[in-house]
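See structure below.
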Amino acid sequence: MATIQVSRGTRDILPSEVSYWQLIERSAREILDRAGVSEIRTPIFEQTELFARGMGEATDVVSKEMYSFTDRGDRGLTLRPEGTAGVVRSLIENNLMAQGGVQRLWYVGPMFRYERPQAGRQRQFHQLGLEMLGSADPRADVEAIAIATDILKAIGLKDLTFDLNSIGDTTDRAQFREALVAYLTPYKSDLDPDSQDRLTRNPLRILDSKDKNTQKILDSAPSILDHLSDASKARFDRVQQLLADLSIACQVNPRLVRGLDYYSHTVFEIQSADLGAQATVCAGGRYDGLVTELGGPETPAIGWAMGLERLVILLQKLGNDTSVTPVDFYVISKGVVAESQALKLVQQLRQAGFKAELDLSGSAFGKQFKRADRSAAAACLILGDAEAEKGTAQLKWLASGDQSELVQSELASHFEAWRAVLQG
RNA sequence: GCGGGCGUCGCCAAGUGGUUAAGGCAGCGGUUUGUGGUACCGCCAUUCGGGGGUUCAAGUCCCCUCGUUCGCCCCA
């Protein structure tokens, strides 16, 4: 086969699917705008160093999933694998934290990770994310979360589960890590191979192993929640209280840890049971250390990202497609003069705010009527040689079959009446 | 990166070694040379993701490859 296909892990978003994307983006924009969140657009590639430092050298994303390349000037660049690092870089670079206060920002766009594709996971995928910087207040966590749940609700998703956890601060985590390793080491040979490996490299991640036997061993393992400092504990309690005040239902999951190094305190994950292995639809958490890690002033922050492909999959399963807005006028014509007049009428209709479609086939009127029918148009405008000569057009309402003749130059005089008919 | 399934027309899909690759939807044309939605008729894959092999004979068996899908890893 000589035809060129899309690259592995990428796909086209065809017109039949695009209405779902628009629904998501429209709903999100509206909610974010009401919440005083500003959009930010950062480049799709950045210096490789940014992601390596931001996400953590040892993370899978950085160590084996980045689309990195060298440009003609020998610069080491990477297609962004996530959105947060770029936004934080921009904030620092443009000194946006200088005026103090809280920065509320959101972004949407493609991200890139070199992974094996699966349903709900591609090499080029899209995320919509929120970043709130400059407040360590637990209310910031809850405000960010509430915006996420509002968006999910607005696009009509239900039956999502919301897991919440606190992974404390660096000290809490170090202590817990020690306790966990101490507990697990005697069981080392009983753990699944991946977890055995993680025991030294990243023990916290053993907690969300899917291996049954490992999970069994974890049943009596120490819990992060018992290793939080009093302050961290109080903070987490406050977050839960505030969520309850907003009637946002969540379940505390002490085994929830996140993949990227920069998280601290609040972490959360919203999942759907209808997505198979790629269940997470929105996830995020607090990242108080990231801004300084990237060379900026000490700035507490919380953020999240949603996977748009996954949301689209869920919407498609719900099936309330909103893509077809019916045509108001379908314009058919035959003959050189009539055809050019028809083009003009279409133009006038559109400029007046009607949705008009022009039949370009030049085929027999019978065929053109068939297409008018299929377009689900309310009315059909007909121009043939006879009308062209008189400067008129036939208007036929397709549902009733009522037909009348009008003068082309007086088209605008009918607009008001048509609008009334089309709205009724 | 690892393991399993699948790959026949735009879509759905029969076919499981014998040869002319069913059928449905959509599309196009006609019955209906300027009036649609129904009905009927016709057309629509020298080819079965690609390449190689086995065989007198392959969409049907084998190998490789590409893609896809499910799971692992990881993650949105």
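As a basis for the values below, the full set of heavy atoms in this structure was taken, side chains included, without hydrogen atoms, waters or symmetry mates. Reminder, nothing fancy here: chain letters follow the sequence lines and each chain counts from 1.
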Q: Remember a base hit wins even if backbone is also touched, and classify A:Gly83 as base, sugar-phosphate or nothing at under 4.0 Å, heavy atoms.
A: nothing
Q: Measure distances between side-chain N and O atoms of A:Lys396 and base N and O atoms of B:rG36, and say whether any donor-acceptor pair falls under 3.5 Å.
A: yes
Q. Taking all non-hydrogen atoms of both residues, which atom of A:Ile224 and which atom of A:Asn165 are closest, and how far apart?
A. CG2-ND2, 3.8 Å
(Q) Once rounded to the nearest 0.5 Å, what's the spacing between atom CG of A:Leu311 and atom CG of A:Leu23? (A) 10.0 Å
Q.
Applying a 4.0 Å non-hydrogen cut-off, can you work out what A:Glu269 is touching in the nucleic acid: base, sugar-phosphate, or nothing?
A. nothing
Q.
With a cut-off of less than 4.0 Å, is there a side-chain N or O of A:Arg371 near OP1 or OP2 of B:rC28?
A. yes
**Q.** Any side-chain donor near an acceptor of the partner, A:Glu339 and A:Ser333, under 3.5 Å
**A.** no
Q.
Please report the distance, rounded to the nearest Å, between OH in A:Tyr330 and P in B:rG37.
A. 14 Å
(Q) Please tell me if A:Arg11 has a side-chain N or O lying less than 4.0 Å from either OP1 or OP2 of B:rG67. (A) no
**Q.** Out of B:rG1, B:rA76, B:rG37, whichever nucleotide has its closest atom nearest the side chain of A:Lys370
**A.** B:rG37
Q. Phosphate oxygens OP1/OP2 of B:rC28: is one of them under 4.0 Å from a side-chain N or O of A:Arg374?
A. yes
Q: Taking A:Thr214 for its side chain and A:Asp192 for its backbone only, find out whether a donor-acceptor pair lies under 3.5 Å.
A: yes
Q. CG of A:Leu395 versus P of B:rG36: gap in Å, rounded?
A. 17 Å
Q | Separation of atom CZ in A:Phe329 from atom C1' in B:rG36, rounded to whole Å | A | 17 Å
Q: In plain terms, say whether A:Arg235 and A:Asp141 are close enough for a salt bridge, that is, a side-chain N and a carboxylate O under 4.0 Å apart.
A: yes
Q) Does the ring of A:Phe369 meet both stacking tests against the six-membered base ring of B:rU35: centre distance under 5.5 Å and plane angle under 30°? A) yes
Q: Describe the nucleic acid contact of A:Gly129 in one word from base, sugar-phosphate, nothing, applying a heavy-atom distance below 4.0 Å.
A: nothing
Q. Which whole number of Å gives the distance between the P atom of B:rU8 and that of B:rU69?
A. 14 Å
(Q) Please compare A:Asp211 and A:Gly401 by the position of their nearest nucleotide in RNA chain B and report the one closer to 5'. (A) A:Gly401
Q. B:rG1 pairs with which nucleotide, Watson-Crick or G-U wobble, both distances below 3.5 Å?
A. B:rC72
Q | Full working for side chain to side chain donor-acceptor pair (under 3.5 Å) between A:Gln271 and A:Thr280 | A | CA-CA 4 Å; A:Gln271 301 189 321; A:Thr280 303; 3.2 Å; yes
**Q.** Presence of donor-acceptor pair under 3.5 Å, side chain of A:Gln403 and base of B:rG36
**A.** no
Q) Regarding A:Glu131 and A:Thr84, is there a side-chain donor-to-acceptor distance under 3.5 Å anywhere? A) yes
Q | B:rG7 - base-pair partner by Watson-Crick or wobble geometry, distances under 3.5 Å | A | B:rC66
**Q.** Interatomic distance where NZ belongs to A:Lys367 and P belongs to B:rU33 [whole Å]
**A.** 11 Å
Q: Just call it for A:Asp385: base, sugar-phosphate, or nothing, with non-hydrogen atoms closer than 4.0 Å on any strand.
A: base
Q. Hey, does A:Glu387 reach any base, or is it just sugar-phosphate, or nothing, if we go heavy atoms under 4.0 Å?
A. base
(Q) Pairing check on B:rG37: which nucleotide meets the Watson-Crick or G-U wobble criteria with it, both distances under 3.5 Å? (A) none
Q | Residue A:Ala119, side-chain heavy atoms: nucleotide from B:rG29, B:rU69, B:rA76 that is nearest | A | B:rU69
Q. Considering only side-chain heavy atoms of A:Asp60, which listed nucleotide, B:rU69, B:rG67, B:rC74, is closest?
A. B:rC74
**Q.** Donor-acceptor pair between A:Trp21 and A:Glu25 side chains, under 3.5 angstrom
**A.** no
Q. Side-chain N or O of A:Arg198 less than 4.0 angstrom from OP1 or OP2 on B:rC74?
A. yes
Q | Among B:rG34, B:rC74, B:rU68, the one nearest A:Ile382 by side-chain distance | A | B:rG34
Q: Return the value, rounded to whole Å, for the distance between atom CD of A:Gln368 and atom C1' of B:rU32.
A: 15 Å
Q: Assign A:Ala386 to base, sugar-phosphate, or nothing according to its heavy-atom contacts below 4.0 angstrom with the strands shown.
A: base
Q. Across the strands shown, which category fits A:Ala283 at heavy-atom distances under 4.0 angstrom: base, sugar-phosphate, nothing?
A. sugar-phosphate
Q.
Suppose you measure atom P in B:rU32 against the same atom in B:rG37; what distance do you get, rounded to whole Å?
A. 14 Å
(Q) Tell me if the side-chain of A:Arg310 makes a donor-acceptor pair with the base of B:rC75, cut-off 3.5 Å, by modelled atom types. (A) yes
Q: Determine the contact category for A:Gly284: base if any of its heavy atoms lies under 4.0 Å from a base atom, sugar-phosphate if only primed atoms, P, OP1 or OP2 are that close, otherwise nothing.
A: nothing
**Q.** Nucleotide B:rG7, atom C1' - distance to CD of A:Gln5 in whole Å
**A.** 12 Å
Q. With sugar-phosphate meaning primed atoms plus P, OP1 and OP2, does A:Lys210 contact a base, only sugar-phosphate, or nothing at under 4.0 Å between heavy atoms?
A. base
Q | Inter-nucleotide P distance (B:rU47, B:rA22), Å rounded | A | 14 Å
Q) Is there a donor on the side chain of A:Gln394 or the base of B:rU35 sitting less than 3.5 Å from an acceptor on the other? A) no
Q.
Check this one for me: any side-chain N or O of A:Lys334 less than 4.0 Å away from OP1 or OP2 of B:rU33?
A. no
